[in-house]
Visitor: 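Could you have a look at this structure, given as structure tokens, before my questions?
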Amino acid sequence: MTTTPPDPSGPDDVPFAPAGRYEVDTLAADAREAADGTAVRLAGRVMLWRAMGGIAFGQLQDQSGRIQFSLRKNDLGPEQFKAWAKSLALGDFVGVRGELWTTDKGEKTVAVAELTLLNKARRPMPDKWAGVADVDLKYRKRYLDLLVNDESRHRFHVRTQVIRTIRRYLDDHGFVEVETPILQAAASGAAARPFSTHHNALDRDFFLRISPETYLKRVVAGGFDRVYEIGRNFRNEGIDSSHLQEFTMLEWYAAYWDYRDNIRFVRELIQATLDEVLGTRTVTFGGQTFDFDGVWPELDYRDEVRRVTGIDLHEIRDVDRLKAAVKDHGLQGDKELADQVSYAGLVDLIYKKTLRPGLVQPTVLMHHPVEMVPLARRSDDDPTRLDMFQVVVNGWEIVKAYSELVDPVDQRARLEEQTELRAAGDDETMMMEDDFIECMEHGMPPMSGLGLGIDRFVALITDAPTLRDVVLFPTLRE
RNA sequence: GCCUCCGUAGCCAAGUGGUCAAGGCAGCGGACUUUUAAUCCGAAGACCGUGGGUUCGAAUCCCACCGGGGGCACCA
């Protein structure tokens, strides 16, 4: 009992109506583990097809992997066998029903009793050995990349496992998942150029969020003590192997925690995620090995800048003296120097040029100068620095976190400084948000929040050289 | 935005001034009853990204444009 094979005249001119549904009871990966003689029904794509005179072998691929299937002339009769041998093509979707057996070469195989053509592929598959090598094609036709490239398929499976594991971990620790606006009247929570758009019904411009930060704090002010959001942020900046214009960020906020609680918590979260997804806390990336086990070293931001550059940020507190110091130490070209109008911008530039590339193993870099982040809390024992840290791996920042500023007086003053810097020509300042300060005036519990770049983390643990390899459809020109 | 490299058939890929632009996979015709990128035989498939130019002659050299990679700048 086999459906009639189509006219074997080639994939492009075969009239064929796709089937409606097919009853599947086994996945390829499970079938490979099942005992000979087990009756199975599977469906998937034909990825290999070798028809000989009296027997034919193919490989069927479904979401779980591949399994071989066989057709025999003796079982089907010569006409049926020949018709299938000539008509079945790579890329076709088939349903197979039959019993499992193991070939002489030890390959688990479905002996097909019934073969059903579910749909034809009207265009050819990529080269079955070389796969999709052209990176342009790989991103534009990701479906082909996923079909033929095991490495790509694996990365996206890891990505979903990472997100699922993180979500479960946070849920288990009393966090509540929430959603906050992507269309925001003021792009806040980070220093970055936003995308802007127009809301027709309200007849006003909006920004795509660069961060959910101030909205998540509003939720905490509303009594949700532990909240998190996993979602897309957008930053209208350059694209490279560690930056995408839309990227996925995990942010959480916990009332009554400080940044020290988050140093511990994020380490335990990452280690638990690695245990669950990879089964190891050591990952290989670009030939290097990153060890996430144990307690990660903690380095003081200003001490490290001084160690690497000789510039003492404890002592140098204003932009003019800092520019002079940079020049004295021969660090920068004049143009980049002149472009920086703010202390924070220049400090950040120095850090990115000199210190960050050297932070390869998981490192906690902490106590940034107070000018760096207007939403973070000053340290009680040193008001020139922040209760803040970043986790850097491979020179990539994968975590940024701090004790939150919940004092509306200090908050207003810090954002006003930002406005002044903007007027002076710094276009990466944070926007004033009166509504947010008003929320703070109503009262906000002490809290600490944290952001983790999901794309970067997944890229690091799947040895993906660029973030485009862990995003299904990266932005390209048309 | 700037610099630089790349674009040859559905896919992979040789060819860097000179007879009809290699080869492989897929597809087409044929052989083959245990293949593992099956093998073997046969036929076919390319206005060499697009448009100009140089030259007796251009896939090859030059210019512009389109698309992509890498680097710089900007950012997490």
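In what follows, every heavy atom counts, from backbone to side chain, and hydrogens, waters and symmetry copies are set aside. By convention in this document, chain letters (A, B, ...) are assigned in the order of the sequence lines, proteins followed by strands, and residues within each chain are numbered from 1.
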Visitor: Please determine if a side-chain N or O atom of A:K128 lies less than 4.0 Å away from the OP1 or OP2 oxygen of B:C25.
Guide: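 Checking A:K128 against B:C25: no side-chain N or O falls below 4.0 Å of OP1 or OP2.
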Visitor: Does the distance from a Lys or Arg side-chain N to an Asp or Glu carboxylate O, for A:R45 and A:D62, drop under 4.0 Å?
Guide: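 Between A:D62 and A:R45 there is no salt bridge, as every charged N stays at least 4.0 Å from the carboxylate O atoms.
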Visitor: Look at A:R140 and B:G68 and indicate whether a side-chain polar atom (N or O) is within less than 4.0 Å of OP1 or OP2.
Guide: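 A:R140 to B:G68 OP1/OP2: side-chain N or O found under 4.0 Å.
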Visitor: Roughly how far apart, to the nearest Å, are B:G17 and B:G7 at atom P?
Guide: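 Result for the P pair: 15 Å, nearest Å.
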Visitor: When both hydrogen-bonding distances must be under 3.5 Å and the geometry is Watson-Crick or G-U wobble, what is B:U55 paired with, if anything?
Guide: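 Per the H-bond distance test, none.
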Visitor: B:G24 P sits how many Å from A:D127 CG, rounded?
Guide: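 Value for this atom pair: 13 Å.
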Visitor: For nucleotides B:A44 and B:U55, find the distance between their P atoms and express it as a whole number of Å.
Guide: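 The answer is 38 Å between these two P atoms.
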Visitor: So does A:K352 pair up with A:D348, basic N to acidic O under 4.0 Å?
Guide: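 Salt bridge flag = yes for A:D348 with A:K352.
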Visitor: What's the gap between B:G45 and B:C12 when it is taken at their C1' atoms, as a whole Å value?
Guide: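 After rounding to an integer number of Å, I get 16 Å for this pair.
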Visitor: Think A:R468 has a side-chain N or O under 4.0 angstrom from the OP1 or OP2 of B:G68?
Guide: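 Negative; the distance criterion is not met.
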Visitor: So which nucleotide does B:C74 pair with, by the Watson-Crick or G-U wobble rule with both distances under 3.5 Å?
Guide: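 Looking at the geometry, B:C74 pairs with no nucleotide.
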Visitor: Is the closest basic N to carboxylate O distance between A:K108 and A:D36 below 4.0 Å?
Guide: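 Salt bridge present between A:K108 and A:D36.
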Visitor: Hey, is the side chain of A:R193 poking within less than 4.0 Å of OP1 or OP2 on B:C74, counting only N and O atoms?
Guide: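 Answer no for this pair, as no side-chain N or O of A:R193 is under 4.0 Å from OP1 or OP2.
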Visitor: Could you check whether A:E213 pairs with A:R218 (Lys NZ or Arg NE/NH1/NH2 to Asp/Glu carboxylate O, under 4.0 Å)?
Guide: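 Result for this pair is no, no salt bridge flagged.
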Visitor: Pick the C1' atom in B:U19 and in B:G51, then give their distance to the nearest Å.
Guide: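 One C1' to the other, the span is 29 Å.
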Visitor: On RNA chain B, check which nucleotide each of A:E237 and A:L48 is closest to and give me the residue with the more 5' one.
Guide: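 Whichever sits nearer the 5' end wins; that is A:L48.
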Visitor: If I pick the P atom on B:C25 and the same atom on B:C40, what distance separates them, to the nearest angstrom?
Guide: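 Their P atoms lie roughly 8 Å apart.
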Visitor: Pick base, sugar-phosphate or nothing for A:Q390, based on heavy-atom distances below 4.0 Å to the nucleic acid.
Guide: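 Contact class for A:Q390: none.
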Visitor: How far does the P atom of B:C62 sit from the matching atom of B:U54, given to the nearest Å?
Guide: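 Between the two P atoms, the distance is 15 Å.
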Visitor: Provide the Watson-Crick or G-U wobble partner of B:A64, both distances under 3.5 Å; none if there is no partner.
Guide: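 Partner of B:A64: B:U50.
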Visitor: Between A:K323 and A:D320, is there a salt bridge with N-O shorter than 4.0 Å?
Guide: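 Salt bridge absent between A:D320 and A:K323.
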Visitor: Report, as a single string ordered 5' to 3', how protein heavy atoms within less than 4.0 Å touch nucleotides 40-49 of chain B: B base, S sugar-phosphate only, - not at all.
Guide: ----------
Visitor: Are A:R167 and A:E177 close enough for a salt bridge, meaning some N to O gap below 4.0 Å?
Guide: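 Counted as a salt bridge, because a side-chain N and a carboxylate O are separated by less than 4.0 Å.
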Visitor: Answer with yes or no whether A:T109 presents, from its side chain, a donor or acceptor under 3.5 Å of a partner atom in the base of B:U34.
Guide: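 Under the 3.5 Å cut-off, the side chain and the base do not form any donor-acceptor pair.
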Visitor: Applying salt bridge (Lys or Arg N to Asp or Glu O under 4.0 Å), name anything that partners A:D136, two or more places apart in sequence or on another chain.
Guide: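 With sequence neighbours excluded, A:D136 shows a salt bridge (Lys or Arg N to Asp or Glu O under 4.0 Å) to A:R140, given in chain and number order.
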Visitor: For A:L137 and B:C12, give me the distance from atom CG to atom P, rounded to whole Å.
Guide: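 Taking CG of A:L137 and P of B:C12, I get 6 Å after rounding.
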Visitor: Could you give the distance separating B:A13 and B:C6 at their P atoms, to the nearest angstrom?
Guide: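 Their P atoms lie roughly 15 Å apart.
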Visitor: Any base atoms under 4.0 Å from A:G91, or only sugar-phosphate, or nothing? Heavy atoms, all strands.
Guide: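 It contacts nothing in the nucleic acid.
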Visitor: Indicate whether OP1 or OP2 belonging to B:G30 is found under 4.0 Å from a side-chain N or O atom of A:K86.
Guide: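 Indeed, a polar side-chain atom of A:K86 lies that close.
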Visitor: For B:G29, give the paired nucleotide (Watson-Crick: N1-N3 plus N6-O4 or O6-N4; G-U: N1-O2 and O6-N3; both under 3.5 Å), or none.
Guide: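 B:G29 is paired, partner B:C41.
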